[in-house]
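Below is one structure, written out as structure tokens; comments come after it.
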Amino acid sequence: MTRRFVTGDENFSPGHRACIGCGEALAMRQVVKALGDNIILVNATGCSEIIASALPTTSWKIPWIHTLFENTASIASGIESALKVVERKGKRKKAKVIAFAGDGGTSDIGLQALSGALERGHDLLYVCFDNEAYMNTGIQRSSSTPYGAWTTTAPSGKMSIGQKTWKKNMPAIAIAHDIPYMATACPSYPFDLMDKVKKAVSVDGPSYLHIYVVCPTGWRCKTNLTIRLGKLAVETGIFPLYEVEEGKYKMSVDPPELTPIKDYFKIQGRFKHLSDEVIEEIQKKVTGDYQRLKEKMEGL
Amino acid sequence: MTRRFVTGDENFSPGHRACIGCGEALAMRQVVKALGDNIILVNATGCSEIIASALPTTSWKIPWIHTLFENTASIASGIESALKVVERKGKRKKAKVIAFAGDGGTSDIGLQALSGALERGHDLLYVCFDNEAYMNTGIQRSSSTPYGAWTTTAPSGKMSIGQKTWKKNMPAIAIAHDIPYMATACPSYPFDLMDKVKKAVSVDGPSYLHIYVVCPTGWRCKTNLTIRLGKLAVETGIFPLYEVEEGKYKMSVDPPELTPIKDYFKIQGRFKHLSDEVIEEIQKKVTGDYQRLKEKMEGL
Amino acid sequence: MREIRIHGRGGQGAVTLAELVCHAAINEGKYAQSMPSFGPERRGAPVLAFLRISDEHIKIRAEVITPDVVVVLDPGLLNITDVTSGLKSGGTVLINTKKSIDEIRSKFGVESRLGVVNAVEIARETLGVPITNTTMIGALLKATKIVKKDSLIEPLKHRFGPIADKNIKAMNRAFDETTIEEV
Amino acid sequence: MREIRIHGRGGQGAVTLAELVCHAAINEGKYAQSMPSFGPERRGAPVLAFLRISDEHIKIRAEVITPDVVVVLDPGLLNITDVTSGLKSGGTVLINTKKSIDEIRSKFGVESRLGVVNAVEIARETLGVPITNTTMIGALLKATKIVKKDSLIEPLKHRFGPIADKNIKAMNRAFDETTIEEV
Amino acid sequence: MTKRVGLEGSFAVSEAVRMADVDVLSAYPITPQTHIVERLSEMVADGDLDAEFICVESEHSAMSACVGASAAGARVFTCTAGQGLELMHEVLYIPSSMRLPVVAVVANRALSSPLSVWGDHSDAMAVRDIGWVQIFAENVQQAYDLTLCAYRIAEDKDVLFPAMVHLDGFHLSHVIEPVILPDQRQVDDFIPEFEYPFALNPDKPVSMGCYGPPYIYTEAKKSQNVAFESSRKIVSKAWGEFEGIFERSYLPVESYRTEDADVILLVMGSFAETAMLAIDRMRKEGKKVGLARLRLWRPFPFDEIRKAVKGAKLLVVLDRCISFGYGGPVCSELRSAFYREKNRPDIVSFIGGLGGRDITIDQYEYMIKRGKEISENGSEEEFEMIGVRQ
Amino acid sequence: MTKRVGLEGSFAVSEAVRMADVDVLSAYPITPQTHIVERLSEMVADGDLDAEFICVESEHSAMSACVGASAAGARVFTCTAGQGLELMHEVLYIPSSMRLPVVAVVANRALSSPLSVWGDHSDAMAVRDIGWVQIFAENVQQAYDLTLCAYRIAEDKDVLFPAMVHLDGFHLSHVIEPVILPDQRQVDDFIPEFEYPFALNPDKPVSMGCYGPPYIYTEAKKSQNVAFESSRKIVSKAWGEFEGIFERSYLPVESYRTEDADVILLVMGSFAETAMLAIDRMRKEGKKVGLARLRLWRPFPFDEIRKAVKGAKLLVVLDRCISFGYGGPVCSELRSAFYREKNRPDIVSFIGGLGGRDITIDQYEYMIKRGKEISENGSEEEFEMIGVRQ
Amino acid sequence: MLSWKDLELGSIVTEPGNASAYKTGDWRSNKPIRDQSKCIKCGLCYIYCPDAAVELSKAGNYETNYFYCKGCGICANECPRGALTMIVEEE
Amino acid sequence: MLSWKDLELGSIVTEPGNASAYKTGDWRSNKPIRDQSKCIKCGLCYIYCPDAAVELSKAGNYETNYFYCKGCGICANECPRGALTMIVEEE
Ligand SMILES: Cc1ncc(C[n+]2csc(CCOP(=O)(O)OP(=O)(O)O)c2C)c(N)n1
Ligand SMILES: Cc1ncc(C[n+]2csc(CCOP(=O)(O)OP(=O)(O)O)c2C)c(N)n1
Ligand code: SF4
Ligand code: SF4
Ligand code: SF4
Ligand code: SF4
Ligand code: SF4
Ligand code: SF4
Ligand SMILES: [Mg+2]
Ligand SMILES: [Mg+2]
């Protein structure tokens, strides 16, 4: 059934070295399936890059480039501009430029390059794979790590509950750049995800996709829970699926009632130290944020 | 009259080398007046820094540090953290840390450092002096330069109307970081400005002030129009004065009717090449944006 | 100096095994050194860890290429790697397996001194999870006496806190249950 | 080689003066070099510009310290700087002023060859703005014949486009109206 | 048809970029480089140059965008100075190791702190290990010529390394001098249309920038260095071709009145011509002195410098950069290059011209004299600083 | 009471930081430095270290935050590696020129591209001009000791420069070895509470980082360099004090069996002890060979290295870094240091150990032998690369 | 063993997807077994596999490619029909 | 002329506000003249001056400090009473 709507090509070929059950690798696979062949991929340092490019091998069947951790959007900008001129001068036709980066590469060290690219209006799609920490280097906190989560640099301890800051709202920051298309997605909802990828690449100008990806290694959970946890993130309202087209908000999945976050927390090692009070505090924040987000939706 | 509400101290002492009629120097003066003595100032490279610190002299009477162009918020973060520990360890009492930067230092090269500082929740006030271009280096475009404006790197010409991108919305980006206090201000409204400075420093955590400052040199206007142009920016809705406290929006000045932008454009050299059509296009955008902003206001 | 190489999979604790024994040796006043194979290997991928123990300051700082002892945490690795590679003559191979010594010898052609123990079963039963690194320490100590068994207690306690006791038990059981065939 | 130093204020076009004459000289086939004082001086602040003209390739690349000619764009500068500093013996000072040669000599003690012209008035009347740089080119040419007056036409056209003619007029008028006193 | 015009150094560079028909420009303004970006912006705005100008938000992105554009097969240009070159430091390693022929012009500037917008060679020296071709200009004509040459060199199929042209901040970037501009056809002959062999292209997918485990990293660096070293001869070849077309010649090491010189002064960049005036003066007094300039700094011209200095007893080196706690980098590398030579000159080290400080003709003369003293009697110090107020 | 424990290199560094009672930590994770930040995070989370840990968004900010905190009078620490050190390159000049005693530990790592998380000295060499005290550790004990010493040195009122301790990525950072930990009181004696003379403080306002026109820039650099040079003797003094308290001794240049050596091998960092094994083997065969290590790299120990090599005919230098188109930086600087000496050894250059490639005992032996050959018969190449697959 | 001369310019890899020769099946400790009789060909196991280890056979069946399957158990967990069972990999 | 030995550690400036000795009045080409009789002491000229060149005298009058006044004309432009006039600076 699925195969009818989805290409059988795996331009991100198997044989990659992601951890067993990696949600990021899965998301990459789904995104690449929806992208087609006429693309050029720019990859930030991070799991997405390191699992697929040990010299002298590559998992990539489409043109792919990695240079550094923080400059992905700028490399992509350069390529996009080059393609523009090269096409204008009649040398070659344009391809769509796609950037892949983790949450660290996006909301921390690569934020400025991204902001610049969005502001300048390059015709490219930037995809952030948000596994809520620096996983490639071994589970350090990022600004995208959720409040209360354990990481190696925001460990729980006598003086610490784990991550002390609330998750940076990258989708909101992207939207504040007034770009034509922004959406959130999760590979637990593959068709929604692939639809959004297609919409995003069809836009002329910058688009941004923020994809929630489960990392069993960093989240300290079983490898077979990758899909389940992604669904729970959506069903609890922790990671709402929505899109913003030309400033208009639309909810993609709107559960009639939000599942309590503790259902999501309890199957992950990174939250196991949290007291009921802290969980309650987080529950309030999640509910409130979800409510405020829904208020932005058109036709509600 | 004025003097009754305002300190006579000039911690930013005269003898500075700003251009004749500089709006940035004026804004700095007003901000510093409202800040009091128990502060430490961190200054990005830019006009604000270069006009007041030629070795072996300084215009500053409060502790002041400049290092580079892009790292102002990070230097400030370091100082703030140091003061925290030093106070905790009983060595010295805290002072408020203030960061000064231009629009380039804020919305371009220093954006990431700023975003990090806001996210981490340091107790500091970041002030952006927005003169809508890189003035210190001679009027190059920044992402804060308004659409259509001439600058040396976005010159008008046969193939160009000047700046081709819409002004980056730094206040919106700051708000997307969920900080406790954000406000826009302009030294043409000195009491509003100074009130906001005082509110901003009284907040515990990060606050952001975006101050519109007229640059007669870069805007190609007469030196005596600095105040007038600031008022026009507000009255046309080009630069609305508002504040956002804990997510709640409030308009500071709300003209019953917006002045047409051409009144503002026509006394500045940087817009003189614009056709009526382009001005019309900009007028629409200004009106629309102003409307959308007003919709966010509480109790409207 | 004795050199030990541990074969495992990312996430199985090969490095922890090396570390724990290293600490034990140092606490005994010996010189010791442990290190992982340096690389970005992921959960599931075959990995190595290394250990050296000596009576003098150890000056070499490189992967162990000619081990005196090889410890294999995951029997599946036997299918895909030659775990005996570089083994010094007279060296020992210790394998977590439910197979017998003879089966191993015939199936994988291991000719050296060989020890086997069903560490998965021990770990499942003692720890509740099939994590075999602390268990295999028992086998290592049985086969080599490289450190005293008691010397492991403090490192295990430090590392595992409340679940240290279970791990000590697993180690002890493996010590008892390891079968070694000299050659 | 002849060396010229121009005194002005940020925004008054001292550098442009140097550039225009430099271009004129180069177009005549001469060697020439012009440069600003290197620094972050702001609109209003006293600034310098430099010009060298020679029949050979110019190898020195430093500020002019011992000028043959000094051009002063803003009379106010006389109050705050010694514009004659380093002037070569036999050198010339050219000042935009409404004062007479005698007044200048007595008030500021200038003893060298001296030229004055009311460039502000000329600029106001010809250009509509008190920007005196192109005007003072007229004075410079009158005093030194360092390049031909016609040689300025192309550079002025290139630089000022539609308003070049007015500038040419201002230059010509200053050329005519400059009073020079030899010593 | 060539023409002789007055051009500011920055405009001369811009002309070269325009005539090279660059596809993508990406740069961030910084004094004293600003006039280059401004002039290029005008050219693009006026349709005189059909290129995309990416107005990036920082130098880090400027270089990154160039890397991306170059990987996509475009001819690219960037320019920067001082702090800007520092901010892109990490990125600079990329085009040299990925073999992308990015061309950059650096208007040399001193480094903070204290902040200085004025020229010295600290920025240029901070990138000497990175594997870019580095060429120093000494006048405005050279700023034009060498920018053109940078494309010819970088894009040669036997080079494919990035190239950097250094012109001293203000002293060259802000000075107007006469320049001979060639005909466009001459330029087209000299730098033909460029096709990168592995441009990112869906028709022929490649992976660029895979990571290098220990198994392969040393080999990657060996192949990079061998290729870089061998591009030295292409530099000379390109300059030979340049001379054929444009009738001006360049050499990796250029000498001035060194034929029978006992003492040779060595400087780089815009100070060279002023130093010639000192040499002229001393020659007039009968002193056997000469001047050498490293036109090519990387790849380092070992053979050429050894030849150029042959016979001299003393080499006096002026560095415009200080490696703190060590000394002048140019002097250090020259000494190393001569270390194993049979008939090597003594080499004495001076440092000066920092942060925009000029060096006068007198000071050059002093260095030569003092250099001889040091050579004969030794010195307490590893180097001497010139023109510092005591 | 001292105690002997097994510690990973990264944990040893963390222990030193904890015992130094650092006030502000600011770092960004990067392999192979991660274990340091992780361990320190734990210490702070558990209340074992009363410090603010600023989890910055990049290395550029990590160093900037340290600069800010140091200027405010705090004792600070950061650590990084490879790309991270590169990304903070511009910022590194600030504490050295503003005289802020920031302490950084660098887990040396090779530079991209190709990306390598493994060790070599390219990152360390890329900062050799910047004016930081640079010290190389060769085992885990030294990683601990030298981190402590870095505070003692950096904060000395006659130094007030930032200091960097280099430990080789993985080879030291990820290896557990026995370490002798001192008593807290010993540490407190060694590094007393620190008060920066001009800390940012409203009670006594100063302006830091004013800009320097040409009028003053050269003077600023002169005073910086003189102060930096003279901090060399404080390094030795500090190590003397260290020995007094902790009974382990360090020297700017350390020698191993060099007494009567004809040939001296020179290496830096974690390779040194393995090289000793090669020396031992050759000594057993009666060869007069020895080993020298630069413990202190900046300020460069001119006198000490000249003394240490006195009498040797040949110095064989192994660089773990390549200055592309030139050669090994350590070798180059050594040659320059010996250039004007009367009885100077021949110096031969090898490069190896790049991107995590080990050097075997056999290869050290080879270098010594091949070095002699080259010394006698010369070589086509300026340097030879070790362990590269042909 | 590659020599330095074998490396492509800039260490570029010119063989697209050559990493597919790497057998990630070697990582597997647990193995999914499909009961085709229960399978309704919904394809979820296909679209959810991080390692693209589920393939549609010519016959129209979904089958696990054990060359790549790392044994995460996602397919088994998500199969709406319980057609997949994880078993311990044989030694 | 400062020697290198005169510089403070790190070129720090320890004399707060010593730039106030710099006479920016020298930059002035136009000069504001105040007609105190028209002045209502609103202080706008004070609060709007970029150069802090308007001072309140002991007598309670606003007065221009020509040591600093650069002559921008802002005060004159913004004075609600037209109490300020710009005149050309004398030679
Ligand atoms: C300048 C620089 N700093 C740090 C690193 C180390 N580093 C590489 S990947 C990474 C974390 C990546 O995190 P994220 O972007 O979230 O991607 P993930 O690995 O989680 O998919 C870090 C810290 C680097 N390569 N370069
Ligand atoms: C890394 C770096 N890049 C560029 C510069 C050059 N630079 C200094 S200030 C400046 C522009 C400042 O613009 P803005 O922040 O808007 O402040 P303004 O001068 O307009 O007040 C630039 C480009 C620099 N100092 N450092
Ligand atoms: S660490 Fe997490 S994101 Fe990275 S490969 Fe493993 S599972 Fe995937
Ligand atoms: S350029 Fe503009 S902002 Fe800068 S000092 Fe001059 S007027 Fe003020
Ligand atoms: S998920 Fe289950 S039912 Fe669906 S195709 Fe796979 S095996 Fe068949
Ligand atoms: S177990 Fe995991 S890897 Fe194997 S086929 Fe199922 S989903 Fe794919
Ligand atoms: S603005 Fe005018 S009225 Fe007001 S105080 Fe100044 S001079 Fe007086
Ligand atoms: S003219 Fe300008 S500088 Fe002078 S007092 Fe008035 S506002 Fe101030
Ligand atoms: Mg991540
Ligand atoms: Mg600005």
Side-chain angles (χ1 to χ4, degrees), chain B residues 1-6 8-30 32-33 37 51-67 187-191 193-194 213-216 222-231, chain H residues 1-3 6-8 10-30 32 39-57 60-62 64-80 84-86:
Chain B
M1 191 166 85
T2 300
R3 278 300 281 273
R4 265 181 248 144
F5 308 110
V6 178
D9 293 350
E10 305 285 350
N11 280 338
F12 172 51
S13 83
H16 64 71
R17 292 150 198 247
C19 300
I20 299 186
C22 173
E24 182 155 309
L26 173 57
M28 288 160 71
R29 181 177 166 238
Q30 292 181 359
V32 170
K33 274 188 175 298
D37 293 326
I51 58 174
S53 73
L55 271 176
T57 68
T58 179
S59 296
W60 297 101
K61 295 189 189 156
I62 39 88
W64 177 91
I65 182 170
H66 155 259
T67 67
S188 298
Y189 301 80
F191 301 104
L193 182 148
M194 289 189 273
V213 296
V214 174
C215 167
K222 292 214 257 168
T223 58
N224 62 2
L225 289 180
T226 297
I227 303 305
R228 182 79 207 101
L229 274 169
K231 287 192 182 151
Chain H
M1 300 284 271
L2 283 175
S3 121
D6 301 328
L7 285 169
E8 196 44 89
S11 301
I12 291 168
V13 180
T14 53
E15 208 185 320
N18 61 352
S20 58
Y22 182 69
K23 187 179 175 190
T24 52
D26 282 346
W27 297 22
R28 195 174 54 243
S29 314
N30 298 287
C39 172
I40 54 161
K41 326 277 188 250
C42 69
L44 282 178
C45 53
Y46 168 83
I47 201 69
Y48 280 148
C49 176
D51 289 278
V54 180
E55 293 171 359
L56 191 60
S57 73
N61 290 328
Y62 286 99
T64 306
N65 181 341
Y66 294 112
F67 188 84
Y68 295 123
C69 168
K70 293 176 187 156
C72 63
I74 289 177
C75 52
N77 224 32
E78 298 305 325
C79 173
L84 285 154
T85 325
M86 299 303 290

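To find a chain, count down the sequence lines: A is the first, B the second, and so on, and within it residues start at 1. This one's a predicted model, so the numbers in the text were calculated from it and none came from an experiment. Just so you know, these numbers use all the heavy atoms, side chains as well, and skip hydrogens, waters and symmetry mates.
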Of the non-hydrogen atoms in B:Q30 and H:I47, which two are nearest, and what is the gap between them? NE2-O, 3.1 Å

In terms of heavy-atom pairs under 4.5 Å with chain B, which of H:V13, H:N65, H:D6 leads? H:V13

Let's test your reading of the structure: which of B:F12, B:W60, B:W64 forms the most heavy-atom pairs below 4.5 Å with chain H? B:W60

Which bit of B:P187 is near chain H, if near means a heavy-atom gap under 4.5 Å: side chain, backbone, both or neither? backbone

Region of H:C69 that comes under 4.5 Å of a non-hydrogen atom in chain B: neither

The side chain to side chain contact (heavy atoms under 4.5 Å, CB included) partners of H:N61 (sequence neighbours excluded) come to H:Q36, H:K41, H:S57, H:A59, H:E63

I'd like to verify something: which residue of B:C22, B:C19, B:G23, B:A27 has the highest number of heavy-atom pairs under 4.5 Å with chain H? B:C22

Reference residue H:P50; test side-chain contact (heavy atoms from CB on, under 4.5 Å); the match among B:V213, B:T226, B:L26: B:L26

Give, as side chain, backbone, both or neither, the part of H:E15 having an atom under 4.5 angstrom from any heavy atom of chain B. backbone

B:T57 portion near chain H, given a 4.5 angstrom heavy-atom threshold: both

Test H:N77 against B:L225 for side-chain contact (heavy atoms from CB on, under 4.5 Å), laying out the working first. CA-CA 8 Å; H:N77 224 32; B:L225 289 180; 3.8 Å; yes

If only atom types and distance count, is the side chain of B:N224 paired as donor or acceptor with the main-chain N or O of H:C72 below 3.5 Å? no

Portion of H:L2 that has a non-hydrogen atom of chain B nearer than 4.5 angstrom: side chain

Where do H:T24 and B:H16 land on the side-chain contact (heavy atoms from CB on, under 4.5 Å) test, with the steps shown first? CA-CA 7 Å; H:T24 52; B:H16 64 71; over 6 Å; no

Looking at H:D51 and B:I20, would you say the former's side chain and the latter's main chain have a donor-acceptor pair under 3.5 Å? no

So which residue, B:P190, B:A25, B:S53, ends up with the most heavy-atom pairs under 4.5 Å with chain H? B:P190

Answer with side chain, backbone, both or neither: which region of B:L55 has an atom nearer than 4.5 Å to a non-hydrogen atom of chain H? side chain

Distance from B:E10 atom CD to H:E55 atom CD, nearest 0.5 Å? 8.5 Å

Sorted by first residue and then second, give each salt bridge (Lys or Arg N to Asp or Glu O under 4.0 Å) pair with at least one member in residues 12-22 of chain B; sequence neighbours left out. none

For H:Y68, is the NZ or CZ atom of B:R29 found under 6.0 angstrom from the centre of its six-membered ring and inside 45 degrees of the ring axis? no

Has B:K222 got more than 12 heavy atoms of other residues, nucleotides or ligands less than 6.0 Å from its NZ? no

One should read off an interatomic distance between B:I65 CD1 and H:I12 CD1, to the nearest 0.5 angstrom, of 8.5 Å

Looking at OG of B:S13 and OH of H:Y22, how far apart are the two atoms once the value is rounded to the nearest 0.5 Å? 13.0 Å

If I take atom SG from residue H:C45 and atom CD1 from residue B:I227, how far apart are they, to the nearest 0.5 angstrom? 11.5 Å

